[in-house]
Enquirer: 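Take this structure first; my questions come after.
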Amino acid sequence: MILKQKFFNRPTLKVAEDLLGKFLVRKIGNRERALMITEVEAYDGPHDKASHAHKGRTKRAEVMFGEAGRWYVYLVYGMHYMLNIVTGPKNYPAAILIRGAIRCSQGRSLTWSRSVLDQVKGPGKLTKFLKIDKKFNGKIAESPSPRACGASVSRRKTGLWLEDRGIKINKENIKRTPRIGVNYAGKIWANKPYRFFLTIFDK
DNA sequence: ACGATGATGAAC
DNA sequence: TTCATCATCGTA
């Protein structure tokens, strides 16, 4: 089931937690790559000093003020693209950074490899692996499949979206810590436990 | 521990 | 128009 705006238009911390175990799906031509999300960080509201939205409606952060369910993609350190999904109501700036995921070893039933080789760990490595760049910034997270309607539906060849594939995550397998690399945000905001990850896949 | 590498926002 | 800063990563 593809996650729609309704899923993202909820309190950001809740969405962040719920994104663990969901699938990030990237389609390029007829290739489709799906990763299960194992690590995220929330950037929540105009007062969050670690958030780009803290400086107001700048050109870069504008997407965060928009409707939920759109991608927010930007470049850091001159070389890494960060992938975020916008959450919460319009005019409330919030987004979730997708930091880590894992590849499914497709067996007869669902089995998950815990091998480091299957870990896609780190937000920069994740976007590189899935070939995600600024082109997705501001785009709605949706499947490229044509909608079931009229003749003039143009088939988009690529896409990036999120899916619920029925994995149930046990709450005891979720851990929270402060976010990575946001020490500039001051004690209060740098220490907020806004990073969520699945303990069963390391760390 | 540190350099790569370029967009961003703020100051001037 | 400059300048410092950065939601990172790979190599040392």
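A, B, ... follow the sequence lines: proteins, then strands. Residue 1 opens every chain.
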Enquirer: Taking for each residue the nucleotide of DNA chain B with the nearest heavy atom, is it A:Leu75 or A:Met79 whose nucleotide lies nearer the 5' end?
Expert: A:Met79
Enquirer: Using a cut-off of 4.0 Å on non-hydrogen atoms, how would the nucleic acid contact of A:Met82 be classed: base, sugar-phosphate, or nothing?
Expert: sugar-phosphate
Enquirer: Both A:Lys128 and A:Ser51 contact DNA chain C. Taking the nearest nucleotide for each, which residue is further toward the 5' end?
Expert: A:Ser51
Enquirer: Any donor-acceptor pair, under 3.5 Å, between the side chain of A:His52 and the base of C:dA7, if you only look at N and O atoms?
Expert: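 Yes, the side chain and the base share a sub-3.5 Å donor-acceptor pair.
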Enquirer: Could you check which nucleotide pairs with C:dA7 in any of the strands shown, counting Watson-Crick or G-U wobble with both distances under 3.5 Å?
Expert: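 With both distances under 3.5 Å required, C:dA7 matches none.
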Enquirer: Using a 4.0 Å heavy-atom cut-off, does A:Tyr194 contact any base of the nucleic acid, only the sugar-phosphate backbone, or nothing at all?
Expert: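 No contact.
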Enquirer: Rounded to whole angstrom units, what separation is found between the CG atom of A:Asp133 and the C1' atom of B:dG6?
Expert: 15 Å
Enquirer: Under the side chain to side chain contact (heavy atoms under 4.5 Å, CB included) criterion, do A:Asp18 and A:Phe196 qualify, and how do the steps go?
Expert: CA-CA 10 Å; A:Asp18 289 349; A:Phe196 300 79; over 6 Å; no
Enquirer: Whether A:Lys90 and A:Glu67 form a salt bridge (side-chain N of Lys/Arg under 4.0 Å from carboxylate O of Asp/Glu) is what I want to check.
Expert: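 No.
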Enquirer: Does A:Lys49 reach a base, just sugar-phosphate, or nothing at all? Heavy atoms under 4.0 Å.
Expert: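 The answer is nothing, as A:Lys49 stays clear of every strand by at least 4.0 Å.
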Enquirer: Would you indicate what A:Arg60 reaches in the nucleic acid, counting non-hydrogen atoms under 4.0 angstrom: base, sugar-phosphate, or nothing?
Expert: sugar-phosphate
Enquirer: So, are A:Asp44 and A:Lys192 salt-bridged, with charged N and O less than 4.0 Å apart?
Expert: no
Enquirer: Given atom NZ of A:Lys125 and atom P of C:dG10, what is their separation to the nearest angstrom?
Expert: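 Rounded to whole Å, this separation is 5 Å.
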Enquirer: Answer yes or no for this row: A:Tyr43 ring on C:dA7 base, centroids under 5.5 Å, planes under 30°.
Expert: yes
Enquirer: Decide yes or no, distance alone: a donor-acceptor N/O pair under 3.5 angstrom between the base of C:dA7 and the side-chain of A:Tyr74.
Expert: yes
Enquirer: Under 4.0 Å between a side-chain N or O of A:Lys134 and OP1 or OP2 of B:dT8?
Expert: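 Yes, A:Lys134 has a side-chain N/O under 4.0 Å of OP1/OP2 on B:dT8.
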Enquirer: Can you tell me how far P of C:dA4 sits from OH of A:Tyr184, to the nearest Å?
Expert: 19 Å
Enquirer: Provide the Watson-Crick or G-U wobble partner of B:dT5, both distances under 3.5 Å; none if there is no partner.
Expert: none
Enquirer: To the nearest Å, give me how far apart CZ (A:Phe129) and P (C:dC9) are.
Expert: 15 Å
Enquirer: Could you state the atom-to-atom distance from CD of A:Glu39 to P of C:dA7 in whole Å?
Expert: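 Distance check: A:Glu39 CD to C:dA7 P gives 16 Å.
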Enquirer: In whole Å, I'd like the distance from the CG atom of A:Asn137 to the C1' atom of B:dT8.
Expert: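 After rounding, the gap between these two atoms is 13 Å.
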Enquirer: Would you say A:Ile28 has more than 12 foreign heavy atoms packed within less than 6.0 Å of its CD1?
Expert: yes
Enquirer: Please report, rounded to the nearest Å, how far the C1' atom of B:dT8 is from the CD atom of A:Glu62.
Expert: 15 Å
Enquirer: Is there a donor-acceptor pair closer than 3.5 Å between any side-chain N or O of A:Arg179 and the backbone N or O of A:Glu41?
Expert: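 Looks like no, no N/O pair under 3.5 Å.
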Enquirer: Between A:Arg195 and C:dA7, is there a contact of a side-chain N or O with OP1 or OP2 at under 4.0 Å?
Expert: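 Answer is no, no contact under 4.0 Å.
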Enquirer: Atom CG of A:Asn84 to atom C1' of C:dA7: distance rounded to whole Å?
Expert: 7 Å
Enquirer: Any cation-pi pair here, A:Arg70 with A:Tyr72, using under 6.0 Å and within 45°?
Expert: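 No.
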Enquirer: With nearest nucleotides of DNA chain B determined for A:Gly78 and A:Lys55 from heavy-atom distances, which residue corresponds to the more 5′ nucleotide?
Expert: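 Final value for this comparison: A:Gly78.
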